Q: 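Dropping the structure in here first, questions after.
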Amino acid sequence: MTTQEFQNAILKWFLVSGRDNLPWQKNISAYSVWISEIMLQQTRVNTVIPYFERFTRRFPDVRELSNASIDEVLHYWTGLGYYARARNLHRTANIVANELSGCFPSDIATLITLPGIGRSTAGAIRSIAFKKRGAILDGNVKRVLSRFAAIDGWPGHTRPLKNLWSISEELTPLRNTDSFSQAMMDLGATVCISQPKCHLCPITTGCKAFLSGTQQKYPQKKPKTSLPVKTTHFLMIYNKKLGYLLRKNKSQGIWGGLWVFPQISKMQELDLILRELGLKSIESRTLATSRHTFSHYHLDYVPILIHARELKGQTTRKTCRERWYNPNTPVSLGMPAPVVSLLEQLNN
DNA sequence: AAATCGGGGCT
DNA sequence: AGCCCAGATTT
């Protein structure tokens, strides 16, 4: 199967079987392609759809996004995970709005300099938004090409990754590159899946895995490791008038920039926190431990609900990274899933 | 080259 | 209970 034949087969298949009704496929612009590509990093299409709709309704263009506060951007990202994506999105919006006159670059080298845009996302923006030649290599394309070329090794490792990029660059056409990129992702998402539907595939005549009956061998799986378990306590300090105390995380690290309950490792720290706040505990109750799983560890968290009152003649102090959150009059802040979950439970 | 960075929906 | 998803960035 020649490169030309491969491209023709893919493009022909796309006309009949490609997806054309996703929210980011209407009114295509560099902005909408960019937002969708960032949201879709390590995140499934069906999960992204409602987030994309809400996000682009609130931030319809790059200037609206650059003018927004990071807290509000993170609020619209709450529940999507990988919050560095939202922080990078905001940084890039400011660069594009303030330094690039509101226009996205179309060349790969410049796109890659923007925070959060790597080689594959740059290729997607260049091909789909600007309709110029741009190769991509996302999870779908990795699966298609690993099987098509029978690439050994986990695609996360350097050698197979380099091979896959080389093949993707070679196969990507000069014309119709937008349809080609979309088609390769659609093929990987609907046909070349875990249990592949090879009878629906347009490139079986050149697929090394199909021809040798080794579809299940590719792509080779990630080496598995057991996840460590970490434990923490969430202090749900509640005051009837003020609400719950939340603290803003530093921008680096887990849940960066998000608002969370104070976390402690020893119970003695609780008294210190309350004294600093000018509060006194009325009663406290330990709630059931829950497990939150990240990609690289389990977090067992013990919620401790503390009803507190203000000390006489003392106004409640707090730092600039602290604020009271009243679930009945919510404000736009980013919060990690367990915090949202606990606030919902306690408010019902 | 390896680790970090979420959350959820399938299997 | 694993597995992995329209990856990028830091160490």
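Because the structure is a prediction, the values reported are computed rather than measured.
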Q: Select base, sugar-phosphate, or nothing to describe what Ser295(A) touches, counting heavy atoms under 4.0 Å on all strands.
A: base
Q: Report which part of the nucleic acid Ala84(A) touches: base, sugar-phosphate, or nothing (heavy-atom distance under 4.0 Å, all strands).
A: nothing
Q: Among dA8(C), dG7(B), dA1(B), which nucleotide has an atom closest to any side-chain atom of Pro338(A)?
A: dG7(B)
Q: Which part of the nucleic acid, if any, lies within reach of Gln182(A) when heavy atoms closer than 4.0 Å are counted: base, sugar-phosphate only, or nothing?
A: base
Q: Take Trp324(A) and Asn326(A) through the test side chain to side chain contact (heavy atoms under 4.5 Å, CB included) and record every step on the way to the result.
A: CA-CA 7 Å; Trp324(A) 292 96; Asn326(A) 191 329; over 6 Å; no
Q: Please answer: with hydrophobic residues joined when any side-chain heavy atoms are less than 4.5 Å apart, are Leu287(A) and Leu235(A) in the same cluster?
A: no
Q: If you draw a 6.0 Å radius around CZ in Arg321(A), do more than 12 non-hydrogen atoms from other residues or ligands fall strictly inside?
A: yes
Q: Between Ser120(A) and dG7(C), is there a contact of a side-chain N or O with OP1 or OP2 at under 4.0 Å?
A: no
Q: For DNA chain C, which residues in residues 24-44 of chain A have a heavy atom at a distance below 4.0 Å?
A: Trp24(A), Glu37(A), Leu40(A), Gln41(A), Gln42(A), Arg44(A)
Q: Please determine whether a side-chain nitrogen or oxygen atom of Trp255(A) lies at a distance below 4.0 Å from atom OP1 or OP2 of dG7(B).
A: yes
Q: When the P atoms of dA6(C) and dA3(B) are considered, how many whole Å apart are they?
A: 24 Å
Q: Would you mind reading off the distance between Phe294(A) atom CZ and dC5(C) atom P, rounded to a whole angstrom?
A: 20 Å
Q: Could you check whether Asn88(A) and Arg85(A), counting side-chain N and O atoms only, form a donor-acceptor pair closer than 3.5 Å?
A: no
Q: Rest of the hydrophobic cluster containing Leu211(A) (Ile/Leu/Val/Met/Phe/Trp/Tyr, side-chain heavy atoms under 4.5 Å)?
A: Phe210(A)
Q: Compute whether any side-chain donor of one residue and acceptor of the other, for Ser166(A) and Glu170(A), lie under 3.5 angstrom apart.
A: no
Q: Could you tell me the separation between the OH atom of Tyr83(A) and the C1' atom of dG8(B), rounded to a whole number of Å?
A: 11 Å
Q: Quick check on DNA chain C: between Thr225(A) and Gly139(A), whose nearest nucleotide comes earlier from the 5' end?
A: Thr225(A)
Q: Sticking with atom P, work out how far dT11(C) lies from dG6(B), rounded to a whole angstrom.
A: 15 Å
Q: Whole-Å distance between dC5(C) C1' and Asn140(A) CG?
A: 8 Å
Q: What do the steps show when you test Gln263(A) against Tyr301(A) for side chain to side chain contact (heavy atoms under 4.5 Å, CB included), and what is the final call?
A: CA-CA 9 Å; Gln263(A) 287 174 256; Tyr301(A) 58 93; over 6 Å; no
Q: If Ile, Leu, Val, Met, Phe, Trp and Tyr residues are connected whenever their side-chain heavy atoms lie under 4.5 Å apart, and connections chain through other members, are Leu305(A) and Leu270(A) in the same group?
A: no
Q: Go through dC4(C), dC5(B), dA6(C) for me and flag the one nearest to the Lys221(A) side chain.
A: dC4(C)
Q: Calculate the interatomic distance between Arg85(A) atom CZ and dC5(C) atom P; express it in whole Å.
A: 14 Å
Q: Please list, chain by chain and in numerical order, all residues satisfying ring pair (Phe, Tyr, Trp, His ring centres under 6.0 Å) with Trp154(A), sequence neighbours excluded.
A: His157(A)
Q: Check every strand shown and say whether Gly253(A) touches a base, only sugar-phosphate, or nothing at a heavy-atom separation below 4.0 Å.
A: sugar-phosphate
Q: Touch check for Arg143(A), heavy atoms < 4.0 angstrom, all strands: base, sugar-phosphate only, or nothing?
A: sugar-phosphate
Q: Is there a residue in residues 74-82 of chain A whose heavy atoms reach under 4.0 Å of DNA chain B, and which residues are they?
A: Gly79(A), Leu80(A), Gly81(A), Tyr82(A)
Q: I need the CG-P distance between Leu137(A) and dC5(C), as an integer number of Å.
A: 12 Å
Q: Check whether Gln25(A) reaches the backbone of Arg19(A) with its side chain - one donor and one acceptor, N or O, closer than 3.5 Å.
A: yes
Q: Taking the six-membered ring of Phe55(A), is the NZ or CZ of Arg57(A) close enough (under 6.0 Å from the centre) and on axis enough (within 45°)?
A: no
Q: Would Arg143(A) and Asn140(A) count as having a side-chain donor-acceptor pair, cut-off 3.5 Å?
A: yes
Q: Base, sugar-phosphate alone, or nothing: which one does Ser181(A) contact when heavy atoms must sit under 4.0 Å apart?
A: nothing
Q: Rounding to the closest angstrom, what is the interatomic distance between dT9(C) and dG8(B) at atom P?
A: 24 Å
Q: Taking the nucleotide of DNA chain B with the nearest heavy atom to each, does Asn46(A) or Tyr297(A) sit closer to the 5' end?
A: Tyr297(A)
Q: Looking at side-chain heavy atoms only, is the closest gap between Val260(A) and Asn249(A) below 4.5 Å?
A: yes
Q: Would Ile273(A) and Arg247(A) count as a side chain to side chain contact (heavy atoms under 4.5 Å, CB included) if you check the C-alpha gap in whole Å, the side-chain angles of each, and the deciding distance to 0.1 Å?
A: CA-CA 12 Å; Ile273(A) 291 174; Arg247(A) 284 181 174 169; 4.0 Å; yes
Q: Take atom CG of Leu299(A) and atom P of dG7(B), then tell me their distance rounded to the nearest Å.
A: 10 Å
Q: Under 4.0 Å, counting only non-hydrogen atoms across every strand here, what does Val45(A) touch: a base, just sugar-phosphate, or nothing?
A: base
Q: I want to check one thing: is the phosphate of dG6(B), taken as OP1 and OP2, less than 4.0 Å away from some side-chain N or O of His292(A)?
A: no
Q: Return the residues of residues 162-180 of chain A meeting this criterion: a heavy atom under 4.0 Å from some atom of DNA chain C. Order them by number, or give none.
A: none
Q: If we count only N and O atoms by modelled type, under 3.5 Å, do the side chains of Asp186(A) and Trp13(A) hold a donor and an acceptor together?
A: no
Q: I'd like a list of close polar pairs between nucleotides 9-11 of chain C and the protein, N/O only, cut-off under 3.5 Å.
A:
| residue | atom | partner | partner atom | Å |
| --- | --- | --- | --- | --- |
| dT9(C) | OP1 | Gly116(A) | N | 2.4 |

